[in-house]
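Within every chain, numbering begins at 1; the chains are lettered A, B, ... in the order of the sequence lines, protein sequences first and strands thereafter.
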Amino acid sequence: MRVSQLFNVTLREAPAEAEVASHQLLVRAGFIRQLAAGIFSYLPLGRRTLTKIENIMREEMNAIGGQEMTMPVVHPADIWKETQRWYQIGTEMGRFKDKNNRDMVLAMTHEEVVADIVRKDIRSYRQLPRLIYHIQTKWRDDPRPRAGLIRVREFTMKDSYSLDADWEGLDKQYRAHYQAYFNIFHRCGIPVIAVKSDVGMMGGKMAHEYMYLTPIGEDTLVICDNCGYSANRQIAFFKKTPPPPEEPLPAEKVYTPEAKTIEALANYLQIPKQKTAKAVFMVATLPDDGGYKDTFIFAIVRGDMELNETKLANILKAKELRSATEEEIIATGAVPGYASPVGLKDVLVVVDDLIQQSPNLVAGANEEGYHLKNVNYGRDYSANIVADITAAQDGDACIRCGAPLRTARGVEVGNIFKLGTRYSDAMGCTFLDKDGVEKPIIMGSYGIGSGRLMACIAEEHHDDQGLIWPITVAPYEVEIVSLGGHQSEKVQTVADRLYQEFLDRGIEVLYDDRDESPGVKFMDADLIGIPIRLTVSERTVQQDAVEFKRRDQSEKRLVQLSEVYATVKHEIELLHQEIRSKVIEVPFEG
RNA sequence: CGGGGCGUGGCUCAGCCCGGCUAGAGCACACGGUUCGGGACCGUGAGGUCGGCGGUUCAAAUCCGCCCGCCCCGACCA
């Protein structure tokens, strides 16, 4: 492609709204343009990279037996009602009515469509196992799109669905994806870790998220460098050390003015935070014979710990969980800042499992300005539920080996779920097994957002000057920059001939044939980030040569014209080898 | 949904507080000329309902109200 013909404009300055590097550079280099919040177009360069990413996904999916298909973006709401997700999912779902006033849904994911096809077409164990996938648009009306392509509302996802006759089959396909996903990310040039995760709206039995570690990430991960345990903080387990046992002391009311926070309370009483109990008020939307009902939740964790809302929501099986408002708190009879589990009625009390083992805590007295000392679980109050509802923090002990845990930020670039029979049951996907018994099909679902992946690659591979694409996903393999081609016929001829030779020999080449100054061309080349750059100028043609430079290295060297093709071919292969060396087997962490 | 910020040619921004000239600059764009190995220079030119609506005023980019959009933090989220 000649740059003079390319549909592309590079920007000297990044738009003011772009903050993270990948966003700024992808916009400046002309890979993407924003249409609205979380809605982007991919221009030709961006499209080429996306296509390469998608082809890598295709190859890896096909390698584990995947079969590509395409499912619709617009669905009748009926199938989403069958699985209840029409009711369970809130504003994130795109809904509209067609001309016949029929409820319609914009695809957020495709379990329902898969299940609908499967229940009609799969009859026998002989048709299992299967693995199907497609690369298709999703719409999720995220309340807060951010960071360019990192979090958007409309995006393209490679999603695959495994169909099995039994759980062993699911496990096998799950593990196949586990490795295939590592292969995809490694081939795209980004390091990732797989962490155990919450199953979220997908439901199901087991899930892993693939995390690209970066400070701009929005998920917090908990990692054990000693034994390799890693999990999303939303569900991370950790070892809680109970305090030394103490004889329960008689409860005692103490005056604690202006001590409305744990911090202030601990300071005022000169006690460590772990000797206090923290009350957190939430409102959960819980299933209630067929419908849903808002229930006030009084959650108690030790003062030195934080409530983990995901854990709490999962334990309660809550559809939604939010912080209670001040009015709601007062309505239950609790006094904000001095709330106490002692003597409360008509609320659901959930207590962290460490509280039981922590004697003589300071808790609120439900009276402005007073706390109770020596509050003991069991004696002074009890809970409806005792469970692990606290969040792991930096330095907490690893659940497996006891070593201190570390937290890190990451972007979720992919996920895999063992769905089990959640969708099969809801939509009646059954097959007749060998033994003549009708059984539900066991499903798994697996997704990678291709645009987000592209942004992560850009995040990982760039410098001050611009993007530095790994050879596997670069829009072009080589860029020819001609300097003074409009003045020197010799330069023009050599550059044109080189371009044509590469085209003929199947090398993907971008040719900057514009009548621009050298500075502009070099700047644009660096911005766009094609892995190999060849410069043709008066200076080089005099020596029958071109200048060779890799985007990821600063050295330049002259290559004789007669050897250019062989050199480029060789260097492309070297670049591929570098990537290939990173594609490794990763032990399954179940 | 809560908190904060921003909306002025394609991009980056000035002007707004303290209302008043034809609304500016740099980059980008078009034409002419000079340049030509790291975002060159000179000249000429095109391009803006100052996010929208309403209000105050003799007069609004500027003051007031409502709305919309975009970004950031939080809540939420595959």
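A side-chain N or O of Asp524(A) and one of Thr10(A) form a donor-acceptor pair less than 3.5 Å apart. Side-chain contact annotation: Arg409(A) with Thr214(A), donor-acceptor N/O pair under 3.5 Å absent. In summary, the side chains of Glu112(A) and Thr83(A) do present a donor paired with an acceptor at a separation below 3.5 Å, with no hydrogens or angles considered. A donor-acceptor contact closer than 3.5 angstrom is absent between the side chains of Gln136(A) and Asp159(A). In summary, the side chains of Glu459(A) and Ser22(A) do present a donor paired with an acceptor at a separation below 3.5 Å, with no hydrogens or angles considered. A side-chain donor from one of Asp496(A) and Tyr511(A) sits under 3.5 Å from a side-chain acceptor of the other.
What separates CD of Glu17(A) from C1' of G51(B) is a distance of 14 Å, to the nearest Å. The NE2 atom of His23(A) sits 8 Å away from the P atom of C71(B) (whole-angstrom rounding). In this structure, Glu218(A) places its CD atom 13 Å from P of C76(B), rounding to the nearest Å. Regarding Arg12(A), its CZ atom lies at a distance of 9 Å from the P atom of C29(B), rounded to whole Å. If you measure from atom CG of Asp524(A) to atom P of C11(B), you get 18 Å, rounded to the nearest angstrom. Rounded to whole Å, atom P of G39(B) lies 12 Å from atom CG of Asp526(A). Atom pair Glu19(A):CD and G5(B):C1' shows a separation of 11 Å (rounding to whole Å applied). Atoms NE2 (His486(A)) and C1' (A40(B)) sit 17 Å apart, rounded to a whole Å.
Thr540(A) comes within 4.0 angstrom of a base, heavy atoms only. Note on Arg533(A): a base of the nucleic acid sits closer than 4.0 angstrom, heavy atoms only. As judged by a 4.0 angstrom heavy-atom cut-off over every strand, Arg28(A) is placed among the base-contacting residues. Contact annotation for Tyr446(A): no contact, since no heavy-atom pair falls under 4.0 Å across all strands. Residue Ala36(A) is classed as a sugar-phosphate contact, given heavy-atom separations below 4.0 Å to backbone atoms only. Using a 4.0 Å heavy-atom criterion, one finds that Glu538(A) contacts no nucleic acid atom at all. Residue contacts shown for Ala525(A) are absent, as no nucleic acid heavy atom lies under 4.0 Å away.
For A14(B), there is no paired base (Watson-Crick or G-U wobble, both distances below 3.5 Å). Base pairing analysis places A46(B) opposite nothing; no Watson-Crick or G-U wobble pair with both distances below 3.5 Å involves it. Remark: G65(B) base-pairs with C53(B); criterion is Watson-Crick or G-U wobble with both hydrogen-bond distances under 3.5 Å. Under the Watson-Crick or G-U wobble criterion, with both distances below 3.5 Å, U22(B) is left unpaired in every strand shown. Look at C41(B): its Watson-Crick or wobble partner, with both distances under 3.5 angstrom, is G33(B). For A59(B), there is no paired base (Watson-Crick or G-U wobble, both distances below 3.5 Å).
Atom CD of Glu489(A) has 12 or fewer neighbouring heavy atoms from other residues, nucleotides or ligands inside a 6.0 Å radius.
Closest to the side chain of Leu527(A), from the set G39(B), C73(B), U12(B), is G39(B). Proximity note for Pro15(A) (side chain, C-beta onward) versus C72(B), G37(B), U12(B): the nearest is U12(B). The side chain of Glu13(A) lies closest to U12(B), out of C77(B), U12(B), G38(B).
Taking atom C1' in both G20(B) and A60(B), the straight-line distance is 10 Å, to the nearest Å. Distance check on atom P: C16(B) versus G37(B) gives 44 Å, rounded to whole Å. Nucleotides A61(B) and G15(B) are separated by 8 Å at their C1' atoms, to the nearest Å. Only the P atoms considered, C1(B) is 12 Å distant from C67(B), to the nearest whole Å. Between C13(B) and C6(B), the two C1' atoms lie 13 Å apart (nearest whole Å). If you take atom C1' in G9(B) and the same atom in U49(B), they sit 13 Å apart, rounded to whole Å. Between U62(B) and A23(B), the distance separating the two C1' atoms is 12 Å to the nearest Å. Comparing the C1' positions of A59(B) and G39(B) gives an interatomic distance of 44 Å, to the nearest angstrom.
In this structure, Arg151(A) does not reach the C76(B) phosphate: none of its side-chain N or O atoms is under 4.0 Å from OP1 or OP2. In terms of phosphate contacts, Gln34(A) brings a side-chain nitrogen or oxygen within less than 4.0 Å of OP1 or OP2 of C71(B). Under 4.0 angstrom from either OP1 or OP2 of G37(B) there lies no side-chain N or O belonging to Thr535(A). The side chain of Arg144(A) places no N or O atom within less than 4.0 Å of a non-bridging phosphate oxygen (OP1 or OP2) of C76(B).
When the nearest nucleotides of RNA chain B are assigned to Val536(A) and Gly148(A) by heavy-atom distance, the more 5′-ward of the two goes with Val536(A). Mapping Gly484(A) and Lys521(A) onto RNA chain B by nearest heavy atom places Gly484(A) at the nucleotide closer to the 5' end.
Relative orientation of the Tyr181(A) and Tyr446(A) rings is perpendicular, given thresholds of 30° and 60° on the angle between their planes.
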